[in-house]
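Chain letters run A, B, ... following the sequence lines, proteins first, then strands; residues in each count from 1. Computed from a predicted model, the values in this text were never measured in an experiment. These values consider heavy atoms only, across backbone and side chains, with no hydrogens, waters or symmetry-generated copies.
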Amino acid sequence: MEFNYNDRVLKPGYTSCMGCGEALAMRLVLQACGKNVIFTNATGCSEIFTSRYPTSSWNAPWLHSLFENSAAIASGVYYALKHKGLLGKVSVVATGGDGGTADIGLQCLSGAAERGDDFLYVCWDNEAYMNTGVQRSGLTPFNADTTTSPAGKVSFGNDRCKKDMPQIMAAHGIPYVGIGSCGYYRELGGLVKRAMAIRGPKYLQVHSVCPLGWKSDPAKTIDMAKLAFETCLYPLYEIINGVTKARRAPKDGWKPAEEYLKPQGRFRHLFRAAEGASQIIRIQAVAAANMRKFWPEVAVPQFALDAEAKVAEMDKVTA
Amino acid sequence: MSPKLSMDKLSVGCVAMPGGSLVYKTGAWRSMRPVFKHAACIGCRACELVCPEGCVFENPQEKHVLVSSKEKSPGEKKREIANRDFDPDYCKGCGMCANECPVKDIDMVPEVK
């Protein structure tokens, strides 16, 4: 049997970990971008594993400069295309990890969105700096154990909630903000095609499971990403021209947050320590807030309401 | 043209050949290998889509017959479905295809020489 990789934007031989949700998301998103696309890339997993010198996995024009300036380079490419009269024929797609997008590259991305440059920015959100060995980033979720927010006797891991990056981008008034997930791999292409049909700055965030950093089973990558949505800890929605349209809620109703937290090593301490239960309730309350915000027509389940009530009680006592 | 791996001479701007990573066979990492049984496969393409390497392909030459009988429409239905197989050069053996297969037509077995 013959294996033909000629039409691939990203050719195999890249050195991502096995079970990498980011590699899966990249492969599907980049393929959906279509032909005549120039890609720019921030430093991160996606850049490192696709460009092991002297090889490159990219079968398309690809630029990498620094950690922070993926969006700035994309702006430059956009203005060069404008000068050459190639707008409409060639499109620009900037990519970066969650650190390169939400922490280090935020000012370049914000500037590009504010100027209204026509390109799609895709953020592979694997919820920490995985490439350098799992350091916490602005998109690391509450209570996750990373090497710079270690869980132990005095800490439950990351003490801050995940930065709401899609809402920050939506606040720029850009025409398209989308959130996808590697778990819903059949929908990624549609998100990209809808984004590419719009002119102006566009932002797409793709939840990418990292079995290395999350300490989850590589074979269960898709299940983990699906559970993130089904527990409503990672809401999936699109904002097109200011109108928010959430993905349809799961048929069987929302699941308790424990189902998502339990299989992951980065939340293991919550189930071992005695005070962990109160922290799980806090995470459940975050999920409840997401449910109410994006799916007002769906009834919030009783366990989520209970968690909210308990959190209100806990904060009252400590205040 | 097959890409050549050379560290002797740096190219201008350290430009690497597009798609040159094909020379690096990540299949050597594998400790478990998928076995496509070609029995219950319904041709949903989930294995092709979820593979992070994208190394699962449809083989149009080889087909298997799927016999299905639904409760709503009595009588057996026969359908010819193309076989799927993986590229041993790049499969890292993560097991995502076996986990995601809705009819569990893929088994993971230890890779032995």
Side-chain angles (χ1 to χ4, degrees), chain A residues 1-28 30-31 39 49-65 182-189 208-211 217-226, chain B residues 3-11 13-27 29-32 34 36 44-46 48-62 82-101 106 108:
Chain A
M1 187 183 163
E2 203 184 321
F3 302 103
N4 187 350
Y5 296 102
N6 288 345
D7 62 336
R8 293 287 172 82
V9 174
L10 202 64
K11 297 211 180 194
Y14 42 83
T15 54
S16 62
C17 309
M18 57 185 226
C20 178
E22 184 171 301
L24 163 64
M26 274 178 86
R27 189 171 70 73
L28 295 172
L30 302 183
Q31 205 68 36
F39 295 97
F49 71 64
T50 56
S51 62
R52 217 174 51 96
Y53 194 76
T55 68
S56 167
S57 291
W58 295 80
N59 197 28
W62 175 81
L63 287 139
H64 163 252
S65 166
C182 71
Y184 298 94
Y185 47 90
R186 287 184 204 266
E187 293 164 21
L188 284 178
S208 313
V209 178
C210 175
D217 182 359
K220 298 266 193 296
T221 290
I222 301 287
D223 296 357
M224 293 315 309
K226 280 185 177 162
Chain B
K4 271 187 187 160
L5 202 66
S6 164
M7 289 288 260
D8 307 336
K9 218 168 84 180
L10 291 178
S11 58
C14 288
V15 175
M17 189 165 162
S21 68
L22 281 170
V23 294
Y24 190 65
K25 311 282 193 212
T26 50
W29 301 10
R30 191 168 61 239
S31 62
M32 302 284 277
F36 289 73
C44 69
R45 293 182 66 230
E48 285 175 47
L49 287 165
V50 300
C51 179
E53 317 305 310
C55 69
V56 178
F57 282 84
E58 182 184 321
N59 188 354
Q61 270 95 48
E62 287 175 35
N83 287 354
R84 261 99 188 151
D85 238 319
F86 75 103
D87 187 346
D89 280 351
Y90 301 109
C91 171
K92 289 170 186 162
C94 62
M96 276 164 74
C97 50
N99 192 64
E100 192 59 15
C101 182
I106 306 170
M108 295 304 288

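Rounded to the nearest 0.5 angstrom, Tyr185(A) OH and Glu48(B) CD are separated by 11.0 Å. Atom OH of Tyr14(A) and atom OG1 of Thr26(B) lie 8.5 Å apart (nearest 0.5 Å).
Contact annotation for Glu53(B): both backbone and side-chain heavy atoms come within less than 4.5 Å of a heavy atom of chain A. Ser51(A) does not touch chain B: none of its heavy atoms, backbone or side chain, sits under 4.5 Å away. Of the two parts of Ala98(B), neither the backbone nor the side chain holds a non-hydrogen atom closer than 4.5 Å to a non-hydrogen atom of chain A. Both the backbone and the side chain of Phe57(B) come within less than 4.5 Å of a heavy atom of chain A.
With chain A as the partner, the residue from Arg45(B), Met108(B), Glu100(B) showing the most heavy-atom pairs under 4.5 Å is Glu100(B). When Met26(A), Lys220(A), Met18(A), Gln31(A) are compared by the number of non-hydrogen pairs under 4.5 Å with chain B, Met18(A) comes out ahead. Ranked by heavy-atom pairs shorter than 4.5 Å toward chain B, the options Leu28(A), Thr15(A), Leu188(A) are led by Thr15(A). The choice from Val50(B), Asp87(B), Asp89(B), Asn59(B) that makes the most heavy-atom pairs within less than 4.5 Å of chain A is Asp87(B). Chain B forms more heavy-atom pairs under 4.5 Å with one residue of Asp217(A), Ile222(A), Thr50(A) than with any other, namely Ile222(A).
Counting heavy atoms from C-beta outward, Cys17(A) and Trp29(B) have side chains that stay 4.5 Å or more apart. Put simply, the side chain of Lys92(B) does not reach to within 4.5 Å of the side chain of Pro12(A), judged on heavy atoms. Looking only at side-chain heavy atoms (C-beta outward), Cys51(B) and Leu24(A) stay at 4.5 Å or farther from each other. Here the side chains of Cys55(B) and Tyr5(A) are in contact, with some heavy-atom distance below 4.5 Å.
Of all non-hydrogen atoms in Ser21(B) and Lys11(A), the two that sit nearest each other are OG-O, 3.4 Å. For Arg186(A) against Leu49(B), the heavy-atom pair with the smallest separation is NH1-CD1, 3.6 Å. In terms of heavy-atom proximity, Phe3(A) sits nearest to Asp85(B) at CE2-O, 4.1 Å. Contact between Cys20(A) and Pro52(B) at its shortest, heavy atoms only, is O-CB, 3.7 Å. Taking both residues in full, the closest heavy atoms of Gly95(B) and Ala219(A) are given as O-CB, 3.7 Å, listed atom of the first, atom of the second, then distance.
Within the 3.5 Å criterion, the main-chain N or O of Tyr24(B) finds no donor-acceptor partner in the side chain of Arg52(A).
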